[in-house]
Amino acid sequence: MAILTKEGRLVKKHFLFMLGLALSVAACSNRRPISSGPYQALKCGLNPSIAQPSKFVFHKNNGSLYYFDLLTNSFKPITRRVEEALYFNSMEELFSRLKGNKLMIKQINYFDNNPQRKSIIKKTINLKSLVMYTVYQNRNGKPLKIKENCIWIDPKSS
């Protein structure tokens, strides 16, 4: 059933156009960075098959990773969070930097405090297309590659 206005346009088409416009504005809002001072944040791995999405808060000028401390209401380097954590049989190194429009993250995990037993995970996030590529080796030594989508989030969100 179509309803005509005085101008002869269909109200149904106008309503569908406005609905589509509202949905596209909502979808595009995740494509713009949300900044809190010099800090921006992304959440990657939004697939239902991924148990926990990854969140990255970074300095938009150099790519250094941070986290937001709710107690002090401030951003702190992620290395301080790692240093404060308890480790039993492992330790971790974390490096990050910006290279053009990509956030590059390298994580090295040492198991049993043995440098021969380590895993290296490399993550590359394209800040334009909002796609994260993760490369790591499985237990057999074969490299695995994972592609995940990302969205911009508020750096102060948990």
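Because the structure is a prediction, the values reported are computed rather than measured.
- Side-chain contact between F95 and I105: absent, with no pair of heavy atoms (C-beta onward) separated by less than 4.5 Å.
- With rounding to the nearest 0.5 Å, the separation of OG1 in T134 from NZ in K123 is 3.5 Å.
- F56 is listed as a side-chain neighbour of C44, based on a closest heavy-atom distance under 4.5 Å.
- Note that the CD1 atom of I121 and the NZ atom of K106 stand 12.0 Å from one another [nearest 0.5 Å].
- Ring geometry for F58 against W152 counts as tilted: the plane angle lies between 30° and 60°, on a 0 to 90° scale.
- Closest approach of N101 to N126, counting heavy atoms only: ND2-OD1, 3.6 Å.
- Between the side chain of S36 and the backbone N or O of P155, no donor-acceptor pair lies under 3.5 Å.
- A donor-acceptor pair under 3.5 Å is absent between the side-chain atoms of T124 and the main chain of Y133, judged by distance alone.
- The shortest distance between side-chain heavy atoms of S35 and K60 falls below 4.5 Å.
- Listed here is the closest heavy atom pair of G45 and P53: O-CB, 3.5 Å.
- Contact detail for K76 and D69: the closest heavy-atom pair is NZ-OD2, 2.9 Å.
- The two residues S64 and S96 have their closest heavy-atom pair at CA-OG, 3.5 Å.
- Of all the heavy atoms in C150 and L42, the pair that sits closest is CB-CD2, 4.4 Å.
- Between the CD atom in Q40 and the CD1 atom in I34 there is a gap of 9.5 Å [rounded to 0.5 Å].
- Of all heavy-atom pairs spanning I125 and M132, the tightest one is CG1-CG, 3.6 Å.
- Within the 4.5 Å cutoff, no side-chain heavy atoms of L130 are placed close to those of N149.
- I146 and M104 are assigned to two separate hydrophobic clusters, defined by single-linkage of ILVMFWY side chains at heavy-atom distances under 4.5 Å.
- Using bins of under 30°, 30° to 60° and over 60° for the plane-to-plane angle, the ring pair Y39/H59 lands in the perpendicular bin.
- By the 4.5 Å heavy-atom criterion applied to side chains, Y67 and I78 are counted as neighbours.
- V57 places none of its side-chain heavy atoms less than 4.5 Å from the side chain of F68.
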